[in-house]
Amino acid sequence: MKLFKYSFLSLVLCLAIVSCKKDEPIPTTTVTNDGPTPYVIQIPKFFPTILNIPADNPMTVEGIELGRYLFYDGRLTGKVDTLMSCATCHHIDKSFENGIGYGYGVTGIQTPHVMLPMINLVFNSSGYFWNGKISASNPNEHNRTLEDVVYLGLTAPHELHSDSVSCKNAIQNIPMYPPMFKKAFGSDVVTFKNIAKAIAQFVRTLISADSKFDRYLRGEAQLNASELKGYMIFNTEKGDCFHCHGTVLFTTNQFYNNATDSVFNDPRDRFAITGDPKDHGAYKATTLRNIELTGPYMRDGRFATLDQVINHYSEGLVWSPYVHPLMKKINDGGIQLTPTEKADLKAFLHTLMDSTFITNPAFKNPF
Amino acid sequence: MKNLSIISLFFIGLLFASCDKETPLPDPQPQPSNTGSIVFKFAHNVNGLALVKDSMMYTNTAGNKYEINEIKYFISDVILHNANGTYYSISNTDKHYVDNDIASTLTWNVGDNIPEGSYDSITFTFGITMAKNISNMFVNAPEIYMAWPEPLGGGYHYLMMNGKWEKAVDTINNFNFHIGIGQTYDGLGNIIGFVDNAFKVKLPASAFSISTSQTRVIQIVMNIESWFNSPIVWDFNIQGENIMQSQSAMSDACKNGADAFSIGYIN
């Protein structure tokens, strides 16, 4: 039936071309029976409708499937002795983080910052990485998209430390892949560009919108008294988390100095990107979805537990001229929560846990 | 099979539509002929001089030294009033978001269907009136960042003006001059009601005329200091630094804000 539909489509297209452009030769290839099947992202209620998908990499069922294999394939680097993949660091059961903080590359080099999860990234148009370096506004055209992140992950010494040629050759020589590339991109010649495109497509499908809190919003679950109190703390002046970690994404994807330090010498903070002095010590206010899985916390993993994070906001704030104005009560050290209020806030953060996401068969290792 | 025939019909239809150049489809919306267009520009100053952000260089009437880091707000329901009592309300987009850090928001092209004629004045709502201030009506950046928490009345901040002020020598505090739906509280601190704080602004000296096919560029200027000087002398020690849960402070802020806007130019 599907085949029939496509051949029919091709026929119509041919007809259209024939009838309208009589002076041009009839093209020999039009839409073929093997053309990839468009994939439409189902946008959860109230989620952004602007998706960060480059025009030259439309989502397709075949592209996503290929991307999933490549993401999990230890042979990707082309170095037989390493067998390291994206999934070596980005674990599904940790919301595609590693749950231990820093990552360690092929040669044991530590990543400059702790890991970031891969969750709802298709809705982030303001910049990937802790400092938002990868964004459409980066003057370097190779630092703009998730496709670029794939390249960086593959080549960085603290990550897969390979190169695009070894990677491409390795994949070309694994018999299962050329036909998959053919299906996804129309050619069984493997290119690095298409490897990056496929993995990026897979990453864009990693959407989380089924936490207890989501179900509560949909009227399918009830929050208990402590969780509800925590919700109030989060969303009122009391805790005032929402200004930076608000909206259904639980992040604005914007960058703030949240009063962790008084000395700023990290060459990879937001200031390194914008050159704006206000951005010293500023980082992305990461999503709080699945936050219980993605400790240790902050870009340097300085807090092992959510309790420590809450203590920071409650009484541990450090004044500096760069602290973002949305950090309240900076001269009192923080928002001053009682032990019960802290417990309530933590209980609310736990309602952002989405176990459907971390067990989704479509996201799992296909091997 | 049924799907297929619908698809075929569609494509066959397309085929004809795209090839039959002799009979173009009629224009769906004939444009009225006697209209002009308006472009609003937004600017921010302090007592007549362009705002300099991120620098502790201003002192308000109460004597608080302050600096401004961010200004974001909504205006809505812009109305052009005629001398004869009739009016034209700008309806193609009834809400506009202004963000001092996002250049594209500082220009609002309201379109080209402004009936020609002379207008006496321009009014707008600062913020969004409660009936229209609906949670989740914006799902994309940057408007979505203005979300006002559901427990506090929902909808969106009308204004987020963030900055710092000198509480004492060597003590710099942050302030979040935020306005949105207000709350009323019972004696125990429970929220028992909500208050619509959106207010009407009548721009002084905003008469203009527009002729057919003309584009008028109208600059609307916000004087930051106006939020702090009259009728209420705003003192961060008294009204507070973070005011989204203080209806009395937000109400003072709104009284002060009524004259914060003026016309920079009409070109």
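Both backbone and side-chain heavy atoms feed into the values below; hydrogens, waters and symmetry mates do not. This structure is a prediction, so every number in the text was calculated from the model and none was measured. Lettering of chains follows the sequences in order, A, B, ..., and the numbering in each one begins at 1.
Each of B:Thr171, B:Asn69, B:Asn140, B:Asn176 has some count of heavy-atom pairs under 4.5 Å with chain A, and the biggest count is that of B:Asn140. Most heavy-atom pairs under 4.5 Å with chain A: of the set B:Glu241, B:His157, B:Met160, this distinction falls to B:His157. With chain B as the partner, the residue from A:His324, A:Lys45, A:Met232 showing the most heavy-atom pairs under 4.5 Å is A:His324. Ranking A:Phe123, A:Phe242, A:Phe46, A:Trp319 against chain B, the residue ahead of the rest is A:Phe46, based on heavy-atom pairs under 4.5 Å. Each of B:Asn162, B:Asn242, B:Asn173 has some count of heavy-atom pairs under 4.5 Å with chain A, and the biggest count is that of B:Asn242.
Here the closest non-hydrogen pair linking A:Pro325 and B:Gly163 is CB-O, 3.6 Å. Considering all non-hydrogen atoms of both residues, B:Gln245 and A:Thr236 come closest at OE1-CB, 3.3 Å.
Only the backbone of B:Ile243 comes within contact range of chain A, with heavy atoms under 4.5 Å apart. Of the atoms belonging to A:Phe234, not a single heavy atom falls under 4.5 Å from chain B. Proximity to chain B is limited to the backbone of A:Phe47, based on heavy atoms less than 4.5 angstrom apart. Only the side chain of A:Ile330 has a heavy atom closer than 4.5 Å to any heavy atom of chain B. For a residue to count as touching a neighbouring chain, one of its non-hydrogen atoms must lie under 4.5 Å from one of that chain's; by this rule A:Pro277 does not touch chain B.
Heavy atoms of other residues, nucleotides or ligands lying less than 6.0 angstrom from NZ of A:Lys342 number more than 12. More than 12 heavy atoms of other residues, nucleotides or ligands sit less than 6.0 Å from atom NZ of B:Lys53.
The backbone N or O of A:Met327 sits less than 3.5 Å from a side-chain atom of B:Asn174, completing a donor-acceptor pair.
Of all residues in residues 245-262 of chain A, those placing a non-hydrogen atom less than 4.5 angstrom from a non-hydrogen atom of chain B are A:Thr247, A:Thr252, A:Gln254.
Here A:Glu237 contributes atom CD and B:Leu152 contributes atom CG; the two are 7.5 Å apart, rounded to the nearest 0.5 Å.
Ring geometry for B:His178 versus A:His243: interplanar angle over 60°, hence perpendicular rather than tilted (30 to 60°).
Using a 4.5 Å cut-off on side-chain heavy atoms (C-beta onward), A:Tyr231 and B:Glu150 make contact.
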